[in-house]
Amino acid sequence: MNKKIGIIGLGKRFEKVYYDILNRVGYDIFVWNRSKEKLDSFCSSHNAESVENLEVFNNLSLDLCITFVPHNVLIENLLEKLDLSCPILVETPVMTPDLMNVENIGVLEQWPFMPVEIFKNLIYENELIKRPYWVYNDGRSFDYHAIAQLRKYCLGAFPSTLYGKILSKSHDGFVDKQGQLNNTPHEWLHGHANLNNGTLLSYSFAYNCKQTTLIPHQLLRAYSEDGSIQSGRTQEMDNDYENFEVRYLDENKRVVIEKVSREQVGGITKSIYLEKAGIRWENKFFDLNLDDHQAAIAFLLESAAEGNLYSARDAFIDFVTMNGLKQSHAGNTIVGFR
């Protein structure tokens with residue numbers, strides 16, 4: 001039997017991104033929208049069933065409910081009409097703690113569910129190397145998404161103190177990956193967060209990293225006492241597999257440097273593996289022809305439907321961590337996290 005998914009609000013992200021993925025995976029989709037005209041128009045041309053009012057959701061035995069409305073609207077106007085036993089997902093960012101006190105609230109934070117990230121977690125779960133003592137976003141991922149990825153390696157550890165600096169550097173311009181002249185300043189945010197498990201989280205990012213090969217490294221790095229993992233690119237724009245390698249110790253304590261292999265067909269990831277270490281991940285959604293970003297959403301939704309949520313608390317911590325680094329720069333001081 002297909003899983004049942006309730007959708008609240010016909011937001012652009014649902015129409016342009018999530019609907020296609022839900023439909024390909026095979027979920028039964030039930031939609032409510034404040035505008036009945038828009039709701040009827042959508043459902044008449046898509047594989048989805050319209051819902052007359054929110055109370056109907058309570059009788060559908062949903063596996064998951066996804067909202068595409070502002071968080072304050074959900075809390076102040078909609079939750080009182082919903083009596084759901086299933087998880088409810090909201091969009092990022094989570095900028096207030098209000099959602100943290102609501103049961104069964106999860107967040108559409110897809111970056112920790114990228115196939116690259118799932119494979120990294122498999123390496124740790126197989127104990128090829130220990131969990132890291134230093135995690136570093138070196139120009140790869142943006143803002144709170146980067147924090148979500150790095151904290152995932154550390155089993156959700158959160159900051160105790162934060163220190164950040166912003167560096168703005170003007171330049172004459174470069175031709176970006178769209179073929180346009182880009183002369184916006186390199187706006188770097190550099191920062192360190194001491195996590196409560198003793199790990200150091202480092203963050204360095206300028207959005208121009210995503211636009212130019214002038215800034216060569218775009219990596220996520222994690223250093224453990226017995227090895228390291230890095231993924232990202234130096235030449236190929238947005239290719240996390242270009243520099244995807246693991247270093248670990250063999251039974252004789254000799255260093256093994258192994259590039260992570262990716263099996264793909266038509267640009268779609270079929271499997272990711274370490275040949276020598278014998279660790280392999282198979283993409284269960286391969287036959288659906290989802291690219292890595294789409295697959296990440298599919299894995300996130302599957303995990304949430306099974307009750308394994310990226311929580312509103314975690315998403316709020318990610319957002320506050322980034323704000324703390326910026327506040328540290330503004331005040332030229334170390335910021336405490338409570």
Side-chain angles (χ1 to χ4, degrees), residues 71-72 90-101 107-112 114 117 120 131-171 182 184-212 214-225 228-232 310-338:
H71 298 166
N72 65 306
V90 301
E91 292 190 278
T92 59
V94 175
M95 296 182 286
T96 72
D98 297 344
L99 292 171
M100 293 166 57
N101 299 318
V107 180
L108 292 166
E109 177 53 78
Q110 75 192 60
W111 292 93
M114 292 285 286
E117 300 302 311
K120 291 177 187 177
R131 293 281 172 175
Y133 61 82
W134 181 29
V135 292
Y136 180 23
N137 175 48
D138 185 2
R140 175 64 191 100
S141 295
F142 173 70
D143 214 86
Y144 51 87
H145 300 305
I147 305 302
Q149 289 172 294
L150 297 177
R151 290 181 57 242
K152 186 75 171 181
Y153 309 154
C154 310
L155 298 176
F158 58 87
S160 54
T161 57
L162 300 146
Y163 181 74
K165 280 293 181 183
I166 295 175
L167 171 66
S168 180
K169 181 63 178 175
S170 298
H171 56 91
N182 183 329
T184 59
H186 296 315
E187 294 281 353
W188 285 95
L189 172 59
H190 303 290
H192 298 289
N194 292 305
L195 304 186
N196 68 331
N197 70 341
T199 301
L200 176 65
L201 183 156
S202 298
Y203 177 95
S204 293
F205 186 82
Y207 199 79
N208 280 345
C209 287
K210 310 289 282 185
Q211 303 296 318
T212 179
L214 283 172
I215 305 172
H217 295 295
Q218 197 184 67
L219 304 170
L220 289 174
R221 308 181 186 188
Y223 297 94
S224 305
E225 64 181 77
S228 63
I229 304 175
Q230 74 170 26
S231 64
Y310 195 86
S311 71
R313 177 181 181 272
D314 278 321
F316 181 63
I317 290 173
D318 298 336
F319 176 80
V320 172
T321 298
M322 289 304 305
N323 267 15
L325 295 178
K326 296 169 187 175
Q327 290 172 11
S328 173
H329 166 80
N332 193 29
T333 187
I334 295 175
V335 172
F337 186 98
R338 288 193 295 242

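Heavy atoms only: backbone and side chains are in, while hydrogens, waters and symmetry mates are out.
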Can you tell me how far apart [atom1] ([X]) and [atom2] ([Y]) are? Round to the nearest 0.5 Å.
X: Asp143; Y: Tyr207; atom1: CG; atom2: OH; result: 11.0 Å
X: Leu219; Y: Ile229; atom1: CG; atom2: CD1; result: 13.5 Å
X: Met114; Y: Ser141; atom1: CE; atom2: OG; result: 8.5 Å
X: Asn323; Y: Phe316; atom1: CG; atom2: CZ; result: 9.0 Å
X: Gln149; Y: Gln110; atom1: CD; atom2: CD; result: 10.0 Å

Could you work out, with ring-ring contact (aromatic ring centres under 6.0 Å, His included) as the rule, every residue matching [X], not counting sequence neighbours?
X: His145; answer: Trp111
X: Phe205; answer: Phe142
X: Tyr136; answer: Trp134
X: His217; answer: none

Between [X] and [Y], what is the shortest heavy-atom contact and its length?
X: Ala312; Y: Val107; answer: CA-CG2, 3.6 Å
X: Leu162; Y: Gly324; answer: CD1-CA, 3.9 Å
X: Pro185; Y: Ser168; answer: CB-OG, 3.8 Å
X: Tyr310; Y: Pro112; answer: CE1-CG, 4.1 Å
X: Thr199; Y: Pro132; answer: OG1-O, 3.2 Å

Criterion side-chain hydrogen bond (donor to acceptor under 3.5 Å, both in side chains) against Asp138, the qualifying member of Gln230, Arg221, Gln218: Arg221
Quick check: do [X] and [Y] have side-chain heavy atoms less than 4.5 Å from each other?
X: Asp98; Y: His71; answer: no
X: His171; Y: Leu214; answer: no
X: Asn182; Y: Asn208; answer: yes
X: Val94; Y: Phe319; answer: no
X: Tyr223; Y: Ser228; answer: yes
X: Tyr163; Y: Asn332; answer: yes
X: Ile317; Y: Pro159; answer: yes
X: Tyr203; Y: Ile147; answer: yes

Looking at residues at least two apart in the chain, or sitting in another chain, which of them share a salt bridge (Lys or Arg N to Asp or Glu O under 4.0 Å) with Arg313? none
Polar side-chain atom of [X] near backbone of [Y] as donor-acceptor pair, under 3.5 Å:
X: Arg131; Y: Tyr153; answer: yes
X: Ser204; Y: Trp188; answer: no
X: Ser328; Y: Thr333; answer: yes
X: Ser160; Y: Asn194; answer: yes
X: His192; Y: Thr161; answer: no
X: Asn137; Y: Arg140; answer: yes

CA sep, side-chain torsions, deciding dist, call: Leu189, Met322, side chain to side chain contact (heavy atoms under 4.5 Å, CB included): CA-CA 9 Å; Leu189 172 59; Met322 289 304 305; 3.4 Å; yes
If you draw a 6.0 Å radius around CD1 in Ile334, do more than 12 non-hydrogen atoms from other residues or ligands fall strictly inside? no
Determine, stepwise, if the pair His186 / Ile215 fulfils side chain to side chain contact (heavy atoms under 4.5 Å, CB included). CA-CA 10 Å; His186 296 315; Ile215 305 172; 3.9 Å; yes
Pairs flagged by salt bridge (Lys or Arg N to Asp or Glu O under 4.0 Å) wherever residues 145-155 is involved - sequence neighbours left out: Arg151-Asp314, Arg151-Asp318
